[in-house]
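Here is the structure we will look at, set down as structure tokens.
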Amino acid sequence: MSQAPLRIAIAGLGTVGAGTFELIRLQGDLIAARCGRPIVVRAVSARERAKERPLDLSRVRWFDDPLAMAKDPEIDVVVELIGGADGVAKAVIEAAIGAGHHVVSANKALLAVHGTALARAAEAAGVTLAYEAAVAGGIPVIKSVREGLAANGISRIYGILNGTCNYILTSMRETGREFADVLAEAQELGYAEADPGFDIDGVDTAHKLAILTALVYGCEVDFAGVYVEGIRAVSALDIGYADELGYRIKLLGMAARVEGGVEQRVHPCMVPRESPIASVDGVFNAVVAEGDFVGTVLSEGRGAGAGPTASAVVADLIDIARGVFIPTFALPASKLRRLASTPIEHHVGSHYVRLMVVDRPGVIADVAAALRDAEISVEAMLQHGRSPDEAVPVVITTHETTGAAMDSALRRIADLGAVLEPPRRIRIEAL
Ligand SMILES: NC(=O)c1ccc[n+]([C@@H]2O[C@H](COP(=O)([O-])OP(=O)(O)OC[C@H]3O[C@@H](n4cnc5c(N)ncnc54)[C@H](OP(=O)(O)O)[C@@H]3O)[C@@H](O)[C@H]2O)c1
């Protein structure tokens, strides 16, 4: 193994780029001892050179053009921390691979869309494409699945993969407040972006899930095949009912091997209050993998922020410095299969349904008839208080049924004159 310093270039000096730069400075001795060689930052690039940054950049080369940096022959590894599924970030990675440099990236959006092609390009060029920081930030989930669980077939993998959503749902439960109110507070506290769409609409979770699915099932990354539903429609009322029924509401990303392909789902779930994932609160993330020999493995930790994300980025750099190279998605890229993502309508599970109905005779019978005709059996029904001719919530939980059957029953229920709002459905997960 080489004793020469591993020379890296960092493209992007924002939260993660600056965090990575600082971690390497502060932990330099420890890293050098563990790798048998130092990791040194030789070059950096960001959009604005004049920007005030709390970093000592006096001993690194500055590149206005990150593409020129990515091709520089004095570099061994390019660390892409710019972000975005396309544009400069993608060009930087392609340029680095083209120049024969290893790549480390935290960019889940890009890997979810271009992961397969980039893995193939990296393999053809004989370089590594590493992305521990792209999924669940500081939790070493990629290593855990790809290396620690490498001897297992994984029947199912799921997790809380977005700290912003988990913070909002936790805060709604703890305070009884509504979504919009808690989102505004999360933005003030810096836990949610000014434009929070990617987080709260489930897209960020879906990016991470698509990457995990490819890794776990040895298939091409299929972001378009992920069913995605975010948390905007979760109400304080539903959180209250979840509590009463013994559940917590969490936004989960879930992948499982099913007949005919792979199932990839992101949506709010009711999870049993006593399940380990139910107590993962606030900004924390967690991932659960179910292996055929190991059983259930849960990893929990911080999914974002400068320190945790830099910790994951530098773990990938340490692998490269040690000469440890593992295929991007655990298999040679040429062996990644195309697996069909099955539609959510095929998913079999139980449901929570909340209706706002006018409390008059016959309404419940009509709702029950719609469920019966779709062959859905009711597990429980809750209605608190009575208020003739006013809207009251009615909550139904069902036994297992297909998504398609539930959709058809809900369409019929929504058309009933006494049902005043679109029915609210949340899937119940047996974890
Ligand atoms: N933040 C987290 O906690 C976290 C966690 C996991 C993964 N990630 C991922 O890590 C990546 C970086 O995230 P971040 O939060 O660090 O982003 P950020 O704070 O917005 O930083 C982005 C950096 O990229 C630079 N940049 C933007 N456009 C550029 C261009 N055209 N050419 C060169 N540099 C350019 C910016 O330059 P200026 O500084 O000059 O503006 C900035 O330094 C993203 O892929 C993100 O999804 C982030």
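Both counts, for ligands and for their atoms, begin at 1 and track the order of listing. We use all heavy atoms of the structure for the numbers below, so side chains are in, but hydrogens, waters and symmetry mates are not. Owing to the predicted nature of the structure, the values given are computational and were not obtained by experimental measurement.
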Should D316 and K143 count as an ion pair when the cut-off is N to O under 4.0 Å?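 So D316 does not pair with K143 through a salt bridge.
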
Looking at R61 and D72, is any side-chain nitrogen of the basic one under 4.0 Å from a carboxylate oxygen of the acidic one?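 The answer is yes: the pair qualifies as a salt bridge.
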
Can you give me the closest heavy-atom contact between I277 and G159, atom names plus distance?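 Between these two residues, the closest heavy atoms are CD1-CA, 4.0 Å.
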
Counting only N and O atoms by type, is there a donor-acceptor contact under 3.5 Å from the side chain of S105 to the main-chain atoms of N107?
yes

Is a side-chain donor-acceptor pair under 3.5 Å present for E94 with H114?
-> no

Answer yes or no: is there a side-chain heavy-atom contact under 4.5 Å between K108 and D204? yes

Exercise answer, ligand 1 polar atom pairs (N/O) under 3.5 angstrom:
residue	atom	partner	partner atom	Å
ligand 1	3 (O)	G305	N	2.7
ligand 1	16 (O)	T15	N	3.1
ligand 1	16 (O)	V16	N	2.8
ligand 1	19 (O)	T15	N	3.0
ligand 1	19 (O)	T15	OG1	3.4
ligand 1	34 (N)	R47	N	3.3
ligand 1	37 (O)	R47	N	3.1
ligand 1	39 (O)	K51	NZ	3.2
ligand 1	39 (O)	R53	NH1	2.7
ligand 1	39 (O)	R53	NH2	3.4
ligand 1	40 (O)	R47	N	3.1
ligand 1	40 (O)	E48	N	2.8
ligand 1	40 (O)	R53	NH2	2.9
ligand 1	41 (O)	R47	NH2	3.0
ligand 1	41 (O)	K51	NZ	2.8
ligand 1	43 (O)	L13	N	2.8
ligand 1	43 (O)	G14	N	3.0
ligand 1	47 (O)	K108	NZ	3.4

